[in-house]
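Okay, structure first, notes after.
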2 protein chains.
Amino acid sequence: MGQPPQEVSPLSLNRLSLYLRCLRQLQDQGVTRISSQELARQFHLSAALIRKDLAQFGEFGIRGIGYQVEPLIETINVVLGLDREHRIAVVGMGRLGSALASYLGFNEGAFRIVAAFDSDRRKVGKKVGHLEIHHIEELTEVVRETQAEIALLTSPARVAQGIYEELTAAGIRAVLNFAPTQLAVEPDVPTKSVDVRIHLEELAFFLR
Amino acid sequence: MGQPPQEVSPLSLNRLSLYLRCLRQLQDQGVTRISSQELARQFHLSAALIRKDLAQFGEFGIRGIGYQVEPLIETINVVLGLDREHRIAVVGMGRLGSALASYLGFNEGAFRIVAAFDSDRRKVGKKVGHLEIHHIEELTEVVRETQAEIALLTSPARVAQGIYEELTAAGIRAVLNFAPTQLAVEPDVPTKSVDVRIHLEELAFFLR
DNA sequence: CCGTGTGAAGTCCTTCACAGCT
DNA sequence: AGCTGTGAAGGACTTCACACGG
């Protein structure tokens with residue numbers, strides 16, 4: 001189970017997560033093995049691409065048969081680094097932040113929310129699940145204490161850059177940004193953005 | 001202001017939305033014109049790519065000068081089909097659905113939410129802003145009445161496919177899916193998915 | 001015989017570099 | 001002189017098609 005390529009293309013990486021979701025679903029249905037063709041057919045993917053994506057990390061299939069579902073899930077988990085817990089801080093406990101917290105809170109798995117922040121003092125001290133909301137002034141301190149690794153940034157756009165810098169300075173190692181702004185990112189802090197408006201605008205294009 | 005290419009690459013399309021966001025920000029700051037280089041520098045983009053992306057639709061720049069901010073915004077708006085209102089239905093009024101509704105509700109622009117649905121009868125009849133929540137059984141009828149074009153799908157994963165099919169049957173022309181499942185999509189209904197877990201898994205990869 | 005793993009071919013996307021316009 | 005628009009070069013990603021192993 002080697003892991004030669006330190007470099008994986010972003011597109012391939014994205015698909016690996018996708019395969020994982022599909023495989024978990026198959027596993028729930030009791031499927032124990034599946035070929036790349038069948039996987040492609042059921043989930044509308046490309047069989048050749050599935051094989052290429054997986055083959056970068058070793059030989060996991062059995063020729064003439066296909067892939068064993070459970071070991072393959074475990075392998076992808078290891079490849080993606082999901083074989084240990086990742087500690088998450090949520091910044092901004094508005095509706096979106098709360099939605100994210102509850103979504104991840106119910107899914108025990110590789111991700112655990114260990115801190116929550118908001119700038120509204122009325123929310124500070126309240127509990128979300130078993131988690132206390134901290135004031136954003138305590139961000140640096142609490143991020144350090146809790147050793148959060150990943151931040152979910154759901155602040156308003158105009159303060160996002162400042163918070164981003166505080167987060168990285170406090171030792172956060174990756175950020176998922178939901179604020180609709182173009183962040184100036186730290187090169188060594190992987191950062192992804194999700195912007196609903198941009199997705200909508202892309203859809204609008206097809207409706208002209 | 002021609003619009004020759006009916007075909008635009010998804011990547012280019014995504015960047016056009018991005019440029020729009022950047023340009024709107026510049027406009028708010030009172031900037032009236034900008035070169036591709038300066039735009040690239042400020043927002044960490046590629047100057048050559050900006051020019052290629054824009055040049056597919058006509059010649060909007062002035063050689064030796066750059067681009068006029070306001071006319072360029074207007075041009076991209078037209079290219080993306082944002083010069084008219086798009087009617088949106090939100091399915092699932094949990095925390096995520098509510099967050100999306102309030103986010104878009106405050107932003108008067110090309111998108112307007114015209115319908116909201118939930119399967120929980122306790123929520124039915126309640127107002128979100130000036131919008132009444134309908135029971136999901138009324139989906140087909142209300143989508144038709146309100147002539148919603150785009151759906152935001154925030155239901156649980158296991159019912160997402162069924163709702164998707166109802167939506168497209170009822171005349172919805174594009175879907176933004178937040179349910180963590182791989183939809184079997186209608187080929188003529190542009191569909192995009194946003195899955196927070198997949199984004200997190202991609203970030204986790206970089207933390208191994 | 002069947003399906004994986006993989007070079008080779010093909011397609012798509014980005015960067016380069018410069019002609020041409022202001 | 002400065003910057004756009006654009007062919008050409010370069011690189012990245014996907015598909016093809018088949019040798020190989022079970």
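Sequence lines set the chain letters: A, B, ... in the order given, protein chains first and strands last, and positions in each chain run from 1. For clarity, every value in this text was computed on a predicted model and none was experimentally measured.
- Residues passing the salt bridge (charged side-chain N to carboxylate O under 4.0 Å, His left out) test with B/R41 are B/E38, sequence neighbours excluded.
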Atom pairs and distances, donor-acceptor, side-chain atoms in residues 153-163 of chain B, under 3.5 Å, two or more places apart:
from, atom 1, to, atom 2, distance (Å)
B/T154, OG1, B/V91, O, 2.9
B/T154, OG1, B/G92, O, 2.7
B/Q161, OE1, B/A184, N, 2.9
B/Q161, NE2, B/E165, OE2, 2.8
B/Q161, NE2, B/A184, O, 3.2

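- In this structure, CD1 of A/I62 is placed 10 Å from P of D/dG22, rounded to the nearest angstrom.
- Contacts between residues 18-42 of chain A and DNA chain C, counted as heavy-atom distances below 4.0 Å, involve A/S35, A/S36.
- Atom C1' of nucleotide C/dT6 and atom CZ of A/F60 are separated by 15 Å, given to the nearest angstrom.
- Note on B/Y67: every side-chain N or O is 4.0 Å or more away from OP1 and OP2 of D/dG2.
- Nucleotide D/dT6 holds its C1' atom 13 Å from the CD atom of B/Q56, rounded to whole Å.
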- [ ] Encode nucleotides 8-17 of chain C as B, S and - characters from 5' to 3', where the letter depends on protein heavy atoms closer than 4.0 Å: B to the base, S only to sugar-phosphate, - to neither.
- [x] B----SSB-B

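- Not counting sequence neighbours, A/R144 has no partner by the salt bridge (charged side-chain N to carboxylate O under 4.0 Å, His left out) test.
- Taking the side-chain contact (heavy atoms from CB on, under 4.5 Å) definition, one finds that A/E70 meets it with A/Q27, sequence neighbours left out.
- In this structure, A/N14 atom CG and D/dT14 atom C1' are separated by 15 Å, rounded to whole Å.
- Pairs passing the ring-ring contact (aromatic ring centres under 6.0 Å, His included) check and including a residue from residues 180-200 of chain B, sequence neighbours excluded, do not occur.
- Scanning both residues, B/A110 and B/L82, for their nearest heavy atoms gives CB-O, 3.7 Å.
- We find that B/E202 and B/R208 are not joined by a salt bridge, their nearest charged nitrogen and carboxylate oxygen being 4.0 Å or further apart.
- With sequence neighbours left out, B/Y164 forms a ring pair (Phe, Tyr, Trp, His ring centres under 6.0 Å) with no residue at all.
- Partners of A/L207 by side-chain contact (heavy atoms from CB on, under 4.5 Å), not counting sequence neighbours, listed by chain and number: B/R84, B/H86, B/E149, B/I150, B/R173, B/A174.
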Taking only nitrogen or oxygen atoms into account, show me every contact under 3.5 Å that the protein makes with nucleotides 19-21 of chain D, one pair per line with its distance.
from, atom 1, to, atom 2, distance (Å)
D/dC20, O2, A/R63, NH1, 3.0
D/dG21, N2, A/G64, N, 3.3

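- The side-chain contact (heavy atoms from CB on, under 4.5 Å) check on A/F206 picks up B/L13, B/P190, with sequence neighbours excluded.
- Residues satisfying the ring pair (Phe, Tyr, Trp, His ring centres under 6.0 Å) test with A/Y67, not counting sequence neighbours, are none.
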